[in-house]
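Just so you know, residue 1 is the first one in the sequence shown, and it goes up from there. This is a predicted model, so every value here is computed, not measured.
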Amino acid sequence: MDEKPTTMDEKQPTAHTEGPTARYAGDGTAIETARDQEDFMTRNGLNLKSFGRRRQGVSIVELDQSMKTRHLHMIAIGGSIGAGFFVGSGGALAKGGPGTLFLDFLIIGVMIFNVVYALGELAVMYPVSGGFYTYSTRFIDPSWGFAMGWNYVFQWAIVMPLELVVAGLTVQYWEGARDINIGGLITIFYAFIIIINIWGTLGYAEEEFWSSCLKLGATVVFMIISLILVLGGGPSSGRYTEYWGARYWYDPGAFKNGFKGFCGVFVTAAFSFSGTELVGLAAAEAKNPVKALPGAIKQVFWRITLFYILGLTFVGLLISSNDERLLGAGLIDVSASPFVLIGNYAGLKGFDSFMNVIILVSVISIGVSGVYGGSRTLTALAEQGYAPKMFTYIDRSGRPLFSVLAILVCGALSYVNLSSSGVDIFNWLLALSGLAALFTWGSICLAHIRFRKAWLYHGHTLDEIPFKAVGGVYGSYLGLFIIVLVLIAQFYTAISPIGAKIGTAEGFFQSYLALPVVMMFWVIGWFWKRKAWLRTADMDVDSGRRELDWDLINAERAEMATWPTWKRMYHKLF
């Protein structure tokens, strides 16, 4: 066991290396990697040589560490915002009303806030080479870690073709594109996602950066316009020509469909945050994650407050929960997006098309994220011996080549939706990913709780943790508790959906199919590894820890100790 520091001034524990493939040493000194040794065309995947195999590190697969701080920050702020937020929020408003919409998204926001901070604490301590499911393996149960890894791969492998279909439907919002075969539109977007992945990590990072900037800018514009409309400053040709205020909170009311409405929106809100955890996955491919990740984690606060809470508050003020157009038709009906409807009702010419472009960019962004998240996790599974070794193949440009190809091939499932019976098949495939994010988030919280317990058990102190979750272990308990509530709410609405006393067996299994699938993976993992629940004494908290510069950390802590309370709180949160 490493010698642990005893005081703030003497805190210089023995460093734990990330292996010979680390991009940065603990003091921030650059270490030349395999990527740096390649020419421009090879390291950016633009010639045949780039597909050759890169040398492997001793203990971890060397992914391409080319992400910058700006990439991580924008991935954290807007990376996973897609159709669930821009379109699904309309259905949520119709289910529960504006009060329920605000309250449920606020509760889920609190949960996500704690999940991401717990993930940040673990990721700064232990390098995540492609999959944070490894925290479940290390601090909960190797069999459960196996289940969570494959659960995450399946989630993104199914979400990616869904986003291709939604992208095609989004384009058909415009009258001139309705005669275009959706299969052709799917092919165009499929090709775009493939091209982005040719550029590897940097392609994903740049695409996410610019799409997040666009989503952020559009949301700010939307909220400024919405504020004007609420105050009655809309065009004379539209609805909002007089002070609008909160009239829809009184008629038809803030809350709708009672407890069922609350549960239904609760589930929708949780699914709208899917992908938030990708910032932890992306950190493994940042140039210097020890410095970049904490700042990126703090940006999640802005996503929750700016995008979800404040943005949907304006939606609840300007759109009635009884508006029939919110219900839409089909898989994803962009015309049912409250962001599009507000533009229509306000008489703002072109605003609906503007928001539709933002929705299209968001959908494609999630598709690209699906390839990234699924492929990196599959590579990590293979490195741990939980998947075929062929998926450990990293080419000379830093791409996990066979893992990327495997997820891209799953994109072809989008064409299944074109046949008459394909819609039913597609819905069942979607059911597989329905609860996947909840299990992932719950595992992160539980792994953090178990890590803290083992950390103290093995004689360490909290001062030895360089980046601590704001809520500590209590925040993870709160996050885990809310996740359990969402699972209960999903179970309740599956048995007794809104508008019916009891649902159908088909509806129930489409809502809860992911649970037996996860349990199946858990059983397979147990037979594979023959390892179950880890006791505190058996958890290893020392090996594989990230190399850290404690002189620098202690100097920063000493400086912060001199700050006033408000400044320390600001730094902790933002």
Can you tell me which residue among I108, I107, L101 is in a side chain to side chain contact (heavy atoms under 4.5 Å, CB included) with F105? L101
Over 12 non-hydrogen atoms of neighbours within 6.0 angstrom of CZ in F491: no
Test of ring centre spacing under 6.0 Å for F262 and F266: yes
Please check: side-chain N/O of Y240 versus main-chain N/O of L318, any donor-acceptor pairing under 3.5 Å? yes
Okay, side chain of S274, backbone of F271: is any donor-acceptor separation there less than 3.5 Å? yes
Looking at M148 and S443, what are the two nearest heavy atoms and their distance? SD-OG, 3.2 Å
Which pair of heavy atoms, one from I444 and one from V115, lies closest together, and at what distance? CG2-O, 3.7 Å
Distance-only, no hydrogens or angles: does the S369 side chain make a donor-acceptor pair with backbone N or O of S365 under 3.5 Å? yes
F86 and V363: side-chain contact (heavy atoms from CB on, under 4.5 Å), yes or no, with the steps? CA-CA 10 Å; F86 286 115; V363 167; over 6 Å; no
In sequence, state the C-alpha distance, the side-chain angles, and the governing distance for Y204 and L278, and then conclude on side-chain contact (heavy atoms from CB on, under 4.5 Å). CA-CA 12 Å; Y204 163 75; L278 275 172; 4.2 Å; yes
The residue among L164, T187, I364 that forms side chain to side chain contact (heavy atoms under 4.5 Å, CB included) with F192 is I364
Evaluate side-chain contact (heavy atoms from CB on, under 4.5 Å) for Y512 paired with L487, printing each intermediate quantity in order. CA-CA 9 Å; Y512 245 79; L487 289 172; 3.8 Å; yes
Taking atom types as modelled and ignoring hydrogens, do the side chains of E277 and Y152 form a donor-acceptor contact shorter than 3.5 angstrom? yes
Exam field: side chain Q490 to backbone V267, donor-acceptor pair closer than 3.5 Å: no
By the definition ring pair (Phe, Tyr, Trp, His ring centres under 6.0 Å), identify the one residue from F222, Y345, F314 that meets it with F339. F222
For K256 and T100, test the side chains for any donor-to-acceptor distance below 3.5 angstrom and give the result as yes or no. no
Under 3.5 Å side-chain donor-acceptor pair for S89 and Y308: no
How are the rings of Y190 and Y415 set relative to one another: parallel (under 30°), tilted (30 to 60°) or perpendicular (over 60°)? tilted
Are F481 and Y477 close enough that some pair of their side-chain heavy atoms sits under 4.5 Å apart? no
Evaluate whether atom CH2 of W210 has more than 12 neighbouring non-hydrogen atoms of other residues, nucleotides or ligands under 6.0 angstrom away. no
S496 side chain vs T493 backbone, donor-acceptor pair below 3.5 Å: no
Are any of the side-chain heavy atoms of L378 and W150 separated by less than 4.5 Å? yes
With a 4.0 Å cut-off on N to O distance, would you call E206 and R70 a salt bridge? yes
Evaluate the ring planes of W144 and F439, with Trp represented by its six-membered ring, and classify them as parallel (under 30°), tilted (30 to 60°) or perpendicular (over 60°). perpendicular
I want to check something: taking the side chain as every heavy atom from C-beta on, are R247 and D251 in contact at a cut-off of under 4.5 Å? no
S414 side-chain N/O to G411 backbone N/O, donor-acceptor pair under 3.5 Å: yes
D352 and Y173: side-chain donor and acceptor closer than 3.5 Å? yes
For the pair I366 and W156, evaluate side-chain contact (heavy atoms from CB on, under 4.5 Å) and give the outcome as yes or no after the intermediate values. CA-CA 9 Å; I366 297 297; W156 287 116; 4.1 Å; yes
Using side-chain heavy atoms (C-beta onward) and a distance below 4.5 Å, is W249 in contact with L317? yes
Students often mix this up, so state it plainly: with edges at 30° and 60°, are the rings of W244 and Y248 parallel, tilted or perpendicular? perpendicular
Got a sec: does the CZ of F351 have more than 12 other heavy atoms crowding it under 6.0 Å? yes
Between A436 and A514 the two heavy atoms that sit nearest each other are N-CB, 4.5 Å
For G88 and T268, work out which heavy atoms get closest and say how close. O-CG2, 3.9 Å
For I359 against S337, the heavy-atom pair lying closest together: CD1-OG, 3.8 Å
Heavy atoms of A177 and V171 approach each other most closely as CB-O, 3.5 Å
